Enquirer: 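Okay, handing you the structure first.
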Amino acid sequence: MLTSRPRGTNDIIPCEVEKWRWIESQFCQICEQYGYKEIRTPIFEHTELFQRGVGDTTDIVEKEMYTFMDRGNRSVTLRPENTAPVVRAYLENKLYAGLQPVKLFYSGPMFRYDRPQAGRFRQFHQVGAEVFGSNDPAVDAEVITMAMDFYARLGLNNLLLHINSVGCPECRPAQRVALKKYFQPHLGGLCRDCQDRFEKNPLRILDCKVERCAAAGENAPATIDCLCPDCAEHFEQVKKYLDLLGISYTIDRRLVRGLDYYTHTAFEIMAPDIGAQSSIGGGGRYNGLIEICGGPPTPGVGYALGIERIILAMERQDVAKNEASRPDVFVVTAGPEAGDTAFKLLFSLRSAGIAADKDYLGRSLKAQMKYAGKTGVRYVVMIGAEELALGVALVRDMSAGDQEAVSLDDIIAYLTQKKSMVTE
RNA sequence: GUGGGUGUAGCUCAGCUGGUUAGAGCACCAGAUUGUGGCUCUGGGGGCCGUGGGUUCAAAUCCCAUCAUCCACCCCA
């Protein structure tokens with residue numbers, strides 16, 4: 001169909017774009033304040049990057065990627081997330097050879113072939129940040145705090161921050177053993193998926209939403225019960241730093257992020273009341289990822305936040321700003337004589353930095369005024385035969401409802417001054 | 001991939017058990033003694049009733065299919 005967009009995609013039309021711009025600008029601002037530099041990577045990458053970087057067994061790679069062959073017979077994939085691409089760019093551009101640590105942020109569209117529902121789309125948008133080169137738990141805390149700080153600046157309240165530690169390759173074998181030992185007696189009662197998970201990745205059983213699996217996992221040993229001394233200490237430090245900054249959180253022993261690359265800290269931020277897809281952001285540490293992608297052993301932490309869900313939450317909490325940009329001036333003509341003068345004046349106003357517009361539909365004076373009123377313009381400049389003869393224009397203050405004659409020679413200076421008074 | 005709800009004007013919807021030219025509110029446009037917006041009044045434009053098939057003398061209305069959309073499962077932002 002020529003007039004319908006692909007499933008799960010959205011047009012962001014003028015009145016909504018204002019909101020998006022504002023949110024994105026808040027994010028850029030906060031990132032700069034926290035010392036992060038923007039990076040822009042391609043929308044698509046070699047498929048292999050995600051297979052290796054995100055993990056072959058994840059849902060994203062198994063069934064959600066937009067993958068296709070290009071004309072050169074290479075398999076490429078629209079990015080389903082941006083951590084792997086940023087890691088790739090970090091390596092390809094040898095950013096590890098520069099000042100350390102490397103702190104980056106990004107913003108842009110991601111693609112996952114999912115069934116759309118409230119808060120879930122096939123093309124959606126994320127802002128995110130990544131830090132490469134430091135294993136300091138203070139960085140985990142910084143990254144979490146930055147995300148929470150961002151939400152707060154947007155005016156969001158009542159968010160839930162969940163944190164957990166998923167350990168490292170050192171503690172994984174112990175976790176596996178402990179979990180398999182725990183679930184062995186319950187195995188028959190688990191759902192089909194979880195019976196698979198038992199062999200492949202018993203950790204994921206903890207994440208299962210099926211009631212009987214959740215019940216079976218009630219007292220399962222959590223990852224934080226099996227941490228090696230280093231991981232345990234790291235997690236303690238993260239919590240200490242969060243406490244220091246007054247960030248409140250809940251330890252969620254069940255929190256297991258969906259992507260394979262996470263180690264140590266994992267966190268997720270939820271907004272109640274936006275539907276079943278309540279996670280508005282998540283992230284964690286991924287100390288193994290850079291090596292998986294062919295780089296030197298390098299620690300990393302980061303997060304991604306979903307803009308559509310943030311906007312949903314802002315709307316639910318009634319904190320979404322929706323200020324359409326308004327022109328400063330609307331030029332109105334009475335009668336055809338003034339047309340040329342008005343047209344020239346319009347462009348002089350614009351060159352002077354005043355947002356101005358005029359009617360292009362040949363409307364009557366009354367209709368021009370009506371239109372001007374609806375756009376919310378502050379001043380109407382009116383020119384007709386009488387004004388032309390006197391070399392003036394009428395400047396009408398639309399909210400006050402009064403007007404005065406101003407010489408055409410002075411009108412730009414006059415309006416420039418009015419404008420500066422309003423913006424101050 | 002699975003399940004349920006909904007598709008009538010730009011928007012929100014009415015039109016129930018099939019029966020004349022398919023309606024309302026809002027929005028849009030134009031007028032209200034000819035140079036002035038917001039309020040009011042009057043008028044106007046605009047609808048392959050999602051699409052395709054079927055039942056019937058007759059379908060927006062009943063049946064089937066299909067597509068889209070919404071919500072949920074799964075997973076995640």
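Keep in mind the model is a prediction, meaning the values are calculated, not measured.
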Enquirer: When you compare G52(B) with A68(B), how far apart are their P atoms, in angstrom units rounded to a whole number?
Expert: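 Per the computed distance, 16 Å lies between those P atoms.
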Enquirer: Closest nucleotide of RNA chain B for Pro116(A) versus for Gly282(A): which of these residues is on the 5' side?
Expert: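 Checking each residue's closest nucleotide, the 5'-ward one belongs to Pro116(A).
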Enquirer: Base, sugar-phosphate, or nothing: which does Leu305(A) touch, judged by heavy atoms less than 4.0 Å apart?
Expert: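 Answer is nothing: Leu305(A) stays at 4.0 Å or more from every strand.
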Enquirer: Between G25(B) and G54(B), how many Å separate the two C1' atoms, rounded to a whole number?
Expert: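 Their C1' atoms lie roughly 37 Å apart.
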Enquirer: By ring-ring contact (aromatic ring centres under 6.0 Å, His included), which residues pair with Tyr286(A), not counting sequence neighbours?
Expert: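 Applying ring-ring contact (aromatic ring centres under 6.0 Å, His included) to Tyr286(A) gives Tyr261(A).
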Enquirer: Under the ring-ring contact (aromatic ring centres under 6.0 Å, His included) rule, collect the residues that match up with Tyr106(A), sequence neighbours excluded.
Expert: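 With neighbours one apart ignored, the set is empty.
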Enquirer: Of Tyr151(A) and Thr9(A), whose closest RNA chain B nucleotide lies nearer the 5' terminus?
Expert: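 So the residue in question is Thr9(A).
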Enquirer: Does Phe44(A) have its ring centroid less than 6.0 Å away from the ring centroid of Tyr66(A)?
Expert: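 When the ring centroids of Phe44(A) and Tyr66(A) are compared, they turn out to be at least 6.0 Å apart.
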Enquirer: Could you tell me whether the phosphate oxygens of A77(B), OP1 or OP2, come under 4.0 Å of any side-chain nitrogen or oxygen in Gln277(A)?
Expert: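 For A77(B), neither OP1 nor OP2 has a side-chain N or O of Gln277(A) closer than 4.0 Å.
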Enquirer: Report the residues that fulfil side-chain contact (heavy atoms from CB on, under 4.5 Å) with Ala271(A), sequence neighbours left out, ordered by chain and then residue number.
Expert: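 Scan of Ala271(A) (side-chain contact (heavy atoms from CB on, under 4.5 Å), adjacent residues dropped) gives Leu159(A), Ile274(A), Ile280(A), Ala313(A).
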Enquirer: Name all residues meeting the side-chain contact (heavy atoms from CB on, under 4.5 Å) criterion together with Glu387(A); count only those two or more places apart in sequence or in a different chain, and write none if there are none.
Expert: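 Counting only residues at least two positions away or on another chain, Glu387(A) forms a side-chain contact (heavy atoms from CB on, under 4.5 Å) with Ile383(A), Val392(A), Leu394(A).
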Enquirer: Given A77(B), A72(B), C75(B), which nucleotide is nearest the side-chain atoms of Glu64(A)?
Expert: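 Taking heavy atoms from C-beta onward, the closest nucleotide is C75(B).
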Enquirer: Between protein and nucleotides 1-9 of chain B, what N or O pairs are separated by less than 3.5 Å?
Expert:
from  : atom 1 : to        : atom 2 : distance (Å)
U2(B) : O4     : Arg115(A) : NH1    : 2.4

Enquirer: Of all heavy-atom pairs between Gly133(A) and Thr298(A), which one has the smallest distance, and what is that distance?
Expert: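 For Gly133(A) and Thr298(A), the tightest heavy-atom pair comes out as N-CG2, 3.6 Å.
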Enquirer: Please enumerate all residues that pass salt bridge (Lys or Arg N to Asp or Glu O under 4.0 Å) together with Glu337(A), with sequence neighbours excluded.
Expert: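 Glu337(A) satisfies salt bridge (Lys or Arg N to Asp or Glu O under 4.0 Å) with no residue once adjacent residues are dropped.
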Enquirer: Just jot down the side-chain contact (heavy atoms from CB on, under 4.5 Å) partners of Glu386(A), sequence neighbours excluded, or say none.
Expert: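 Applying side-chain contact (heavy atoms from CB on, under 4.5 Å) to Glu386(A) gives none.
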Enquirer: Report the residues that fulfil salt bridge (Lys or Arg N to Asp or Glu O under 4.0 Å) with Arg120(A), sequence neighbours left out, ordered by chain and then residue number.
Expert: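 Here the qualifying residues are Asp114(A).
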Enquirer: How does protein reach along nucleotides 27-37 of chain B, written 5' to 3' as B (base within reach of a heavy atom under 4.0 Å), S (only sugar-phosphate), or - (no contact)?
Expert: -SSS----BBB
Enquirer: Residues two or more places apart in sequence or in another chain: which of them pass ring-ring contact (aromatic ring centres under 6.0 Å, His included) with Phe50(A)?
Expert: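 Phe50(A): no ring-ring contact (aromatic ring centres under 6.0 Å, His included) contacts found.
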Enquirer: Applying side-chain contact (heavy atoms from CB on, under 4.5 Å), can you list everything that pairs with Asp340(A), at least two apart in sequence or on another chain?
Expert: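 Checked Asp340(A) against side-chain contact (heavy atoms from CB on, under 4.5 Å); zero matches.
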Enquirer: Can you give the dot-bracket line for RNA chain B, using ( ) for pairs inside the strand, [ ] for pairs that cross earlier ones, | for pairs with another strand and . for unpaired bases, where Watson-Crick and G-U count if both distances are under 3.5 Å?
Expert: (((((((..((((.....[...)))).(((((.......))))).....(((((..]....))))))))))))....
Enquirer: Classify the nucleic acid contact of Gly335(A) as base, sugar-phosphate or nothing, counting any heavy atom under 4.0 Å across all strands shown.
Expert: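 If one applies the 4.0 Å heavy-atom cut-off, Gly335(A) turns out to touch nothing in the nucleic acid.
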Enquirer: Using atom P of each nucleotide, how far apart are U20(B) and C62(B) to the nearest Å?
Expert: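 Result for the P pair: 16 Å, nearest Å.
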Enquirer: In whole angstrom, give me the gap between the C1' atoms of G18(B) and A24(B).
Expert: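 One C1' to the other, the span is 23 Å.
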